[in-house]
Asker: 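Please find one structure pasted underneath; my questions will follow.
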There are 2 protein chains.
Amino acid sequence: MSERGRPRTFDRTLALRCAMEVFWARGYEGASMSELTAAMGINSPSLYAAFGSKEALFLEATELYSRTEGADIWLALEEAPTARLAIEQFLCLTAKAYAQTDRPQGCLIALGALHQDSSRGAICDDLRRRRAENHSALQKRLERGVAEGELPADFDCGAAATFFATVQHGMSIQARDGASHAALLATVAGAMAAWKTMAGIVAA
Amino acid sequence: MSERGRPRTFDRTLALRCAMEVFWARGYEGASMSELTAAMGINSPSLYAAFGSKEALFLEATELYSRTEGADIWLALEEAPTARLAIEQFLCLTAKAYAQTDRPQGCLIALGALHQDSSRGAICDDLRRRRAENHSALQKRLERGVAEGELPADFDCGAAATFFATVQHGMSIQARDGASHAALLATVAGAMAAWKTMAGIVAA
DNA sequence: TCTTTTCTGTGTTGATCGATACATAATTCA
DNA sequence: TGAATTATGTATCGATCAACACAGAAAAGA
């Protein structure tokens, strides 16, 4: 915990947030070191001293993204009184977040590194793991709905979680195409229209 | 139509198909010239003589992709007897295509260039235009369903087209995560579960 | 004050990027 | 056959990539 040596002249967390925005807008390999250092307001050696490598910086940036940008969405999923409201809140908050124009559109975790490359397997694996965690969170919330009697016992929580996660991923591409909040809500409405049938048919 | 000069020693169409697969797997900027020339079996000057530039090659590759890989999906959309079957076929054929393991997973047009960059606006614009065309094709098929009395007059064809197009885009990411055919069909089932509600609520 | 430690800015590294110069080979036209 | 034309292979081009060497600057401990 000592502070020997020359102190850092930049805010590490703030610099990380700037890096996150660059990765968010450009993707992992689309973000060049010069673009990153320019956005962070530091020189390349300072970046490497503070974060290790471009790859390590990206992993820290996605971790920050998960903790900040995605927090309210996944919190709402847990705290909504019913599974149906949980999914609806989850999708509506996604639509709201993806439509904001003061930041990159869509999701860093969904779009950050879709093209596998031998040299960046760790990046792809990390994002894939986070997407799998999101799917798991959806599935668990649905299973809670089953346990609480809201959904029928034979409701296929895994398949439903896959569907809603896929809709959210599609919304990232939709947002990248410049979709408005209203257009994203049209997708949400479509996804929620499936709810009644999914829960009902199995129950009937 | 003359054939003056030394004849080309490679099959231009075959080389283009190889380039298409590289772009499909790696994305536009993820595909390097050395990777492209290796896959095409030619040297860099031959590539530039035959196609002009990396950007022009990509545009030709996406055109080939549209005409070949996507053809049956969009043909089924037009030829299905009802709008409902058209959408179902559209999604089922998508699931089948995206799950094939002998080619890259997901859609080249959906995933080819998601990260806007000043130096490749033409690429993004072209793919965005093709995605908009796909949305338009879905909307027109739904409007035909309205005209033919299958769907209520006030059915929101634009919103529904947005929803189904978004589901298809999400399936590209799902496929990139290694989803099986069955997993993709779970998403299709979810999307089709929305149909009854979407058509019914408006009609009621 | 002096040593140690850590950070900063300049400048540069080898590798790779997309794209070509150039000489040669292979074909058509005259 | 010879001139014109086009493709091929080798060998690069300048620019940019991610990453780092190095010397000087700024702090703490002695």
Side-chain angles (χ1 to χ4, degrees), chain A residues 1-16 18-20 22-23 25-61 112-113 115 117-124, chain B residues 1-16 18-20 22-23 25-62 112-113 115 117-124 126:
Chain A
M1 298 305 156
S2 65
E3 300 178 6
R4 305 236 340 190
R6 179 174 176 173
R8 191 175 280 131
T9 56
F10 63 93
D11 184 328
R12 190 182 188 280
T13 304
L14 183 60
L16 180 60
C18 293
M20 180 191 79
V22 174
F23 282 128
R26 307 287 194 204
Y28 174 69
E29 79 167 3
S32 69
M33 290 301 298
S34 54
E35 198 172 3
L36 287 165
T37 54
M40 299 165 83
I42 60 177
N43 293 109
S44 156
S46 295
L47 188 155
Y48 281 92
F51 299 100
S53 66
K54 184 187 177 185
E55 188 170 303
L57 176 62
F58 182 84
L59 295 176
E60 270 201 62
H115 303 291
D117 187 313
S118 56
S119 68
R120 56 177 194 282
I123 299 294
C124 285
Chain B
M1 299 308 150
S2 65
E3 301 178 6
R4 305 230 346 186
R6 179 175 178 174
R8 191 175 279 130
T9 56
F10 63 93
D11 184 328
R12 191 182 188 278
T13 305
L14 184 61
L16 180 59
C18 293
M20 179 191 79
V22 174
F23 281 128
R26 307 288 193 204
Y28 174 69
E29 78 166 5
S32 68
M33 290 302 299
S34 53
E35 198 172 3
L36 286 165
T37 54
M40 298 165 83
I42 60 177
N43 293 111
S44 164
S46 297
L47 189 154
Y48 281 93
F51 299 99
S53 67
K54 184 187 178 186
E55 187 171 302
L57 175 63
F58 182 84
L59 295 177
E60 270 201 63
T62 54
H115 302 292
D117 187 313
S118 56
S119 69
R120 57 177 193 283
I123 299 295
C124 285
D126 183 71

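First the proteins, then the strands, lettered A, B, ... as listed; each starts at 1.
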Asker: Provide, to the nearest angstrom, the distance between the CD atom belonging to B:Glu29 and the C1' atom belonging to D:dA15.
Answerer: 16 Å
Asker: Do you know which two heavy atoms are closest between A:Leu36 and A:Leu57, and how far apart they sit?
Answerer: CD1-CD2, 4.2 Å
Asker: Starting from the 5' end of DNA chain D, give me the residue, A:Ser44 or B:Gly5, whose nearest nucleotide shows up first.
Answerer: B:Gly5
Asker: Using heavy-atom distances to pick each residue's nearest nucleotide on DNA chain D, tell me which of B:Thr9 and A:Pro7 is more 5'.
Answerer: B:Thr9
Asker: Among the candidates C:dG18, D:dA19, C:dT8, find the nucleotide nearest to the side-chain atoms of A:Lys54.
Answerer: D:dA19
Asker: Could you report the tightest heavy-atom contact between A:Ala113 and A:Cys124, atom names first, then the distance?
Answerer: O-SG, 3.4 Å
Asker: Has the side chain of A:Arg26 got a donor or acceptor atom that lies under 3.5 Å from a matching backbone atom of A:Ser32?
Answerer: no
Asker: Looking at A:Asn43, does any N or O in its side chain come under 4.0 Å of the phosphate oxygens OP1/OP2 on C:dG9?
Answerer: yes
Asker: D:dC17 C1' sits how many Å from A:Tyr28 OH, rounded?
Answerer: 11 Å
Asker: Looking at A:Tyr48, I'd like to know whether one of its side-chain N or O atoms comes within less than 4.0 Å of OP1 or OP2 on D:dC20.
Answerer: no
Asker: Could you tell me how far apart B:Phe10 (CZ) and C:dA25 (C1') are, to the nearest whole angstrom?
Answerer: 16 Å
Asker: Please report the shortest heavy-atom distance between A:His115 and B:Ala25, naming the atom on each side.
Answerer: ND1-O, 3.6 Å
Asker: From the options C:dG9, C:dT5, C:dT20, select the nucleotide whose nearest atom is closest to the side chain of A:Pro45.
Answerer: C:dG9
Asker: Can you tell me the distance, in whole Å, between the CG atom of A:Asp11 and the P atom of C:dC7?
Answerer: 14 Å
Asker: D:dT8 base to B:Arg6 side chain: any donor-acceptor pair below 3.5 Å?
Answerer: no
Asker: Distance check needed: D:dG14 C1' versus B:Met33 CE, whole Å only.
Answerer: 16 Å
Asker: Against the six-membered ring of B:Tyr28, is B:Lys54 placed for a cation-pi contact (under 6.0 Å from the centre, within 45° of the normal)?
Answerer: yes
Asker: Indicate, yes or no, whether a donor-acceptor pair under 3.5 Å links the base of D:dC17 to the side chain of A:Ser34.
Answerer: no
Asker: Looking only at side-chain N and O atoms, does B:Ser46 come under 4.0 Å of OP1 or OP2 in D:dT8?
Answerer: yes
Asker: Mind calculating the distance between CG (A:Leu36) and P (D:dC17) to the nearest angstrom?
Answerer: 10 Å
Asker: Respond yes when some side-chain nitrogen or oxygen of A:Arg8 is under 4.0 Å from OP1 or OP2 of C:dC7, and no when none is.
Answerer: yes
Asker: To the nearest Å, give me how far apart CZ (B:Phe51) and P (D:dA7) are.
Answerer: 12 Å
Asker: May I have the distance from A:Ile42 (atom CD1) to D:dA19 (atom P), rounded to whole angstrom?
Answerer: 14 Å
Asker: Check if the side chain of A:Ser32 and the base of D:dT16 share a donor-acceptor pair of N or O atoms closer than 3.5 Å.
Answerer: no
